[in-house]
Amino acid sequence: MVIKIEIIFVNASQNKSGNTSRMGEKYLQGKTYKQLNLVDYKIYQLNQNYSDDQFEQAFSQLNKADWIVLGTPVYWHDMSAYLKTLLERLSQDSHFDDLSGKRISVLIQGSDPSDTIKSVTNIIKRFANSARMEFVDAMEDF
């Protein structure tokens, strides 16, 4: 019996089909997955309460997955603001525990992400630990 794993690739780039998306395709080659482009969602900062906030829609997509693969470009020596905002909102949400038991990975893309890899990977590992998720691996692309 084959167990099907639901995979979601979170593209935290401003480009829906740019380098980060291609990196996700390469990493997940041969696997069936859904791509969630954060640029398509209005996810406001903590304590900003607007009626058109779409955090819950994005969270419901993540909640359906067994394995969440985060893909971020390097902007100013760090993960994208899209990803940072998502992580902050997830960590403060009342349903944060729903992520428990899921797998999580991070892909870091940029022309030279070498000074970013360690810090972003550590943040995702700490996030995974807080959420009681399994950190699978990290991948960088130059």
Side-chain angles (χ1 to χ4, degrees), residues 3-142:
I3 298 173
K4 185 175 183 210
I5 297 174
E6 297 290 329
I7 303 169
I8 190 159
F9 173 65
V10 178
N11 180 15
S13 171
Q14 63 182 331
N15 301 308
K16 295 178 190 182
S17 57
N19 292 334
T20 303
S21 178
R22 285 192 289 279
M23 187 177 184
E25 288 174 18
K26 181 179 174 182
Y27 180 74
L28 295 167
Q29 187 174 6
K31 295 176 177 62
T32 301
Y33 67 95
K34 179 178 179 179
Q35 182 165 316
L36 178 111
N37 298 303
L38 291 180
V39 72
D40 290 338
Y41 292 82
K42 288 183 182 179
I43 301 176
Y44 293 105
Q45 300 292 317
L46 290 174
N47 286 331
Q48 288 186 317
N49 299 305
Y50 297 103
S51 61
D52 61 344
D53 185 89
Q54 296 176 307
F55 170 76
E56 291 298 329
Q57 291 94 318
F59 184 76
S60 72
Q61 296 299 312
L62 297 176
N63 216 10
K64 294 175 188 173
D66 301 305
W67 183 16
I68 299 168
V69 179
L70 305 171
T72 184
V74 173
Y75 295 144
W76 290 99
H77 311 280
D78 204 353
M79 69 181 83
S80 73
Y82 292 120
L83 183 55
K84 180 98 167 60
T85 299
L86 178 68
L87 294 174
E88 288 175 349
R89 290 287 302 273
L90 288 169
S91 69
Q92 299 301 308
D93 192 77
S94 61
H95 298 287
F96 182 57
D97 290 340
D98 292 352
L99 298 174
S100 179
K102 296 181 185 297
R103 298 168 67 194
I104 190 167
S105 300
V106 63
L107 312 178
I108 303 163
Q109 185 280 129
S111 59
D112 182 9
S114 58
D115 65 340
T116 307
I117 294 165
K118 185 176 180 179
S119 62
V120 170
T121 301
N122 285 339
I123 289 168
I124 302 306
K125 283 181 178 179
R126 290 186 70 172
F127 177 86
N129 188 50
S130 295
R132 295 185 312 280
M133 298 174 79
E134 176 190 354
F135 181 79
V136 179
D137 54 16
M139 179 179 162
E140 65 276 352
D141 187 32
F142 297 82

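Residue Q29 qualifies as open at atom CD: its count of foreign heavy atoms under 6.0 Å is 12 or below. The number of heavy-atom neighbours closer than 6.0 Å to CG of D52, taken from other residues, nucleotides and ligands shown, is above 12.
Side chains of N15 and T20 form no contact here, defined as non-hydrogen atoms less than 4.5 Å apart. Counting heavy atoms from C-beta outward, Y50 and K42 have side chains that stay 4.5 Å or more apart. Residues M79 and L70 are not in side-chain contact: their nearest non-hydrogen atoms beyond the backbone lie 4.5 Å or more apart. Here the side chains of L62 and L86 are in contact, with some heavy-atom distance below 4.5 Å. In this structure the side chain of I123 never reaches within 4.5 angstrom of the side chain of V106, judged on heavy atoms.
Between the side chains of N129 and R126, no donor N or O sits under 3.5 Å from an acceptor N or O. Looking at Y82 and N11, their side chains never bring a donor and an acceptor atom within 3.5 Å of each other.
Although no hydrogens or angles enter the test, the distance criterion places no donor-acceptor pair under 3.5 Å between the side chain of R132 and the main chain of D97. Although no hydrogens or angles enter the test, the distance criterion places no donor-acceptor pair under 3.5 Å between the side chain of N37 and the main chain of V39. Not one N or O on the side chain of S80 forms a donor-acceptor pair closer than 3.5 Å with the backbone of T72. Side chain of D93 to main chain of R89: no donor-acceptor pair is present (N/O by atom type, distance under 3.5 Å, no hydrogens or angles). Of the possible donor and acceptor atoms, none in the side chain of K102 sits under 3.5 Å from a partner among the backbone N and O of I68. Side chain of S60 to main chain of Q57: a donor-acceptor pair is present (N/O by atom type, distance under 3.5 Å, no hydrogens or angles).
Of all heavy-atom pairs spanning V69 and L28, the tightest one is CG2-CD2, 4.1 Å. Listed here is the closest heavy atom pair of F135 and A128: CB-CB, 4.2 Å. Of all heavy-atom pairs between T121 and I108, the closest is OG1-CD1, 3.8 Å. Nearest approach of Q35 to K16, heavy atoms of both residues: NE2-O, 3.0 Å. Across Y44 and Q48, no two heavy atoms sit closer than the pair CB-OE1, 3.6 Å. The minimum heavy-atom distance linking E88 with K84 is given by the pair OE2-NZ, 2.6 Å.
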message = Does F9 form a side-chain contact (heavy atoms from CB on, under 4.5 Å) with S105? I'd like the steps, not just the answer.
response = CA-CA 9 Å; F9 173 65; S105 300; over 6 Å; no
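With sequence neighbours left out, the side chain to side chain donor-acceptor pair (under 3.5 Å) criterion links T85 to Q45. Applying the side-chain contact (heavy atoms from CB on, under 4.5 Å) rule to Q92 yields the partners L46; only residues at least two apart in sequence or on another chain are considered.
Residue L36 holds its CG atom at 6.5 Å from CD of Q61, rounded to the nearest 0.5 Å. Residue H95 holds its NE2 atom at 6.5 Å from CD of E56, rounded to the nearest 0.5 Å. The distance from atom CE of M133 to atom CD1 of I104, rounded to the nearest 0.5 Å, is 4.0 Å. Put simply, NZ on K125 and CG on N122 are 6.0 Å apart, with the number rounded to the nearest 0.5 Å. Rounding to the nearest 0.5 Å places CD of E6 at 12.5 Å from CG of N63. Rounding to the nearest 0.5 Å places OG of S21 at 10.5 Å from CG of L107.
Between F127 and F96, the ring planes lie perpendicular to each other; the angle is over 60°, past the 30° to 60° tilted range.
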